[in-house]
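Residue numbers count from 1 along this sequence.
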Amino acid sequence: MFVALASVALAAWLSACRGSGEHRTLTIYAAASIGPTVQRAVERYASAVPNLEVVTSTGSSAALRVQIEQGAPADLFLSADVKNAQTLADAGIAESPLIPFARTVLTIIVRPGNPLGIRIVADLAKPGVRVAAAAEGVPVTSYVAQLLEAQAGRGGNPPDLVARIASNVISEEEDVQAVASRVRLGEADAAIVYEVVSFGARDLETIAIPDDENVEAVYAAAVIAKSSQRDGARAFLAWLTGPDGSALLTDSGLRLPRPSQ
């Protein structure tokens, strides 16, 4: 149903843009973890739509959600989780239903050469390992907490694994891209980030977490209810979830939603 309606919205929006000659601005608030991906998507989309300017703002999904609640002029919200987008929908600030458009999993990133020999999640608990993390409330923090709680006491891991890793945390960043930057700058030895972030961090080494131990993050899109560019937001979302947008998402290291999502 969404695909059919979205296709109609996209066609109508493109027709309106071509026919009116009116300059339009679409403002997208997007999770920092997919900032580079969204920028590529925006550039490709805007090049095909006449008289359209797309403005993006990225950051922690939680921070962006608060800004939207306070009246920030967003037309479309691309959240790194369902929770923050659903909060806006529940308050009537965003339209329902939400649209899951991508997913990712967690992975470990380390400094080039992996000097500490980190191989598994439990290695982050070893004495002297400097771990970068995101602040409380940032979606990746919740996902990492789920991962660590499941790992504690499993496969010979110590039951106090969470506390041991927490004692090694040297910073709590505002978003997951800032977490990766700590490792990139050599200020931290390792961090757990989204797979999509590690995909763009070619200067760092990645250590995969087995699928049966991992946690999945679902990205959800919400059209802002009071936006004057709702049709434009729906049209961009239709493109993003269509063949061209989906190809761009997967090329950027994201996974497409499961059919049940």
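Nearest approach of Val197 to Ala180, heavy atoms of both residues: CG1-CB, 4.0 Å. Taking all atoms of both residues into account, the shortest heavy-atom contact from Ala80 to Ala217 is O-CB, 4.2 Å. Taking every heavy atom of both residues into account, Thr206 and Ser198 meet most closely at OG1-CB, 3.6 Å. Of all heavy-atom pairs spanning Ala191 and Val179, the tightest one is CB-CG1, 3.5 Å. Here the closest non-hydrogen pair linking Ile118 and Ala190 is CD1-CB, 3.7 Å. Considering every non-hydrogen atom in both Ser252 and Arg40, the closest pair reads OG-NH2, 2.9 Å.
Side chains of Ser227 and Gln229: a donor-acceptor N/O pair is absent below 3.5 angstrom, by distance only. Donor-acceptor pairing under 3.5 Å is lacking for the side chains of Asp175 and Ser60. In summary, the side chains of Asp211 and Asn214 do not present any donor paired with an acceptor at a separation below 3.5 Å, with no hydrogens or angles considered. Side chain to side chain, Ser33 and Tyr219 meet the donor-acceptor criterion of an N or O pair below 3.5 Å.
In this structure, the side chain of Thr241 engages the main chain of Leu237 through a donor-acceptor pair within 3.5 Å. A donor-acceptor distance shorter than 3.5 angstrom exists from the side chain of Ser79 to the backbone of Asp81, with no hydrogens or angles considered. A donor-acceptor pair under 3.5 Å is absent between the side-chain atoms of Asn84 and the main chain of Thr87, judged by distance alone.
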Cut-off 3.5 Å, no hydrogens considered: what does the side-chain donor-acceptor table look like for residues 147-156, sequence neighbours left out?
from	atom 1	to	atom 2	distance (Å)
Gln151	OE1	Asn157	ND2	3.2
Gln151	NE2	Glu213	OE1	2.9

Residues 97-107 side chain polar contacts: donor-acceptor under 3.5 Å, at least two apart:
from	atom 1	to	atom 2	distance (Å)
Arg103	NE	Leu256	O	2.6
Arg103	NH1	Glu216	OE1	2.8
Thr104	OG1	Glu195	N	3.4
Thr104	OG1	Val196	N	3.3
Thr107	OG1	Ile207	O	3.0

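Val66 and Leu78 fall into different hydrophobic clusters, where Ile, Leu, Val, Met, Phe, Trp and Tyr side chains are chained together by heavy-atom contacts under 4.5 Å. Val140 is connected to Leu204 through a chain of hydrophobic side-chain contacts under 4.5 Å among Ile, Leu, Val, Met, Phe, Trp and Tyr, so both are in one cluster. Under the 4.5 Å side-chain contact rule for hydrophobic residues, Ile209 and Leu254 share a cluster. Cluster annotation: Val49 is connected to Val42 through the hydrophobic network of ILVMFWY side chains, with a link wherever side-chain heavy atoms come within less than 4.5 Å. Following chains of ILVMFWY side-chain contacts shorter than 4.5 Å, one can reach Val169 starting from Ile109, so the two form part of one hydrophobic cluster.
Within the model, atoms CG of Leu88 and CD of Glu95 stand 12.0 Å from one another, a figure rounded to the nearest 0.5 Å. Here the OG1-CD distance, from Thr141 to Gln146, works out to 11.5 Å after rounding to the nearest 0.5 Å. Taking CD1 of Ile28 as the reference point, atom OG1 of Thr58 lies at 12.0 Å (rounded to 0.5 Å). Annotation: the span from Asp75 atom CG to Leu26 atom CG amounts to 5.0 Å, rounded to 0.5 Å. Rounding to the nearest 0.5 angstrom, the gap separating the CD atom in Gln86 from the OG atom in Ser96 is 6.0 Å.
Comment: Asp123 does not engage Arg119 in a salt bridge, judged by the lack of any side-chain N to carboxylate O separation of less than 4.0 angstrom.
Residues Ile224 and Arg230 fail the side-chain proximity criterion, which asks for heavy atoms closer than 4.5 Å. Between Val131 and Ile170 there is no side-chain heavy-atom pair separated by less than 4.5 Å. For the pair Pro139 and Lys83, the minimum side-chain heavy-atom distance is 4.5 Å or more. Here the side chains of Tyr194 and Tyr143 are in contact, with some heavy-atom distance below 4.5 Å. Contact of the Arg255 side chain with the Thr250 side chain is not registered, since no non-hydrogen atoms from C-beta on lie closer than 4.5 Å. Looking at heavy atoms from C-beta onward, Ser57 lies in side-chain contact with Leu64 at the 4.5 angstrom threshold. Contact of the Val55 side chain with the Thr25 side chain is registered, since non-hydrogen atoms from C-beta on lie closer than 4.5 Å. Taking the side chain as every heavy atom from C-beta outward, Ser61 and Phe77 approach each other to under 4.5 Å.
The 12-atom threshold is not exceeded at CD of Glu136, counting heavy atoms of other residues, nucleotides or ligands nearer than 6.0 Å. Environment of CD in Glu205: crowded, with over 12 heavy atoms of neighbouring residues, nucleotides or ligands closer than 6.0 Å.
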Is there a side chain to side chain contact (heavy atoms under 4.5 Å, CB included) between Ile93 and Glu69? Walk through the geometry before answering. CA-CA 7 Å; Ile93 298 172; Glu69 288 174 331; 4.0 Å; yes
For a side chain to side chain contact (heavy atoms under 4.5 Å, CB included) check, start with the C-alpha distance between Leu248 and Thr37, then their side-chain angles and the critical distance, and finish with the verdict. CA-CA 8 Å; Leu248 185 146; Thr37 301; 3.8 Å; yes
Start with the C-alpha gap between Asn51 and Arg24, add the side-chain angles, then the distance that decides, and say whether side chain to side chain contact (heavy atoms under 4.5 Å, CB included) holds. CA-CA 6 Å; Asn51 308 312; Arg24 302 177 187 227; 5.8 Å; no
Start with the C-alpha distance between Tyr29 and Leu76, add both sets of side-chain angles, then the distance that settles side chain to side chain contact (heavy atoms under 4.5 Å, CB included), and finish with yes or no. CA-CA 6 Å; Tyr29 278 33; Leu76 179 65; over 6 Å; no
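Ring geometry for Phe236 against Tyr45 counts as perpendicular: the plane angle is over 60°, on a 0 to 90° scale with 30° as the lower cut.
When the options Arg182, Arg111, Lys126, Arg184 are evaluated for a salt bridge (Lys or Arg N to Asp or Glu O under 4.0 Å) with Asp189, the one that passes is Arg111.
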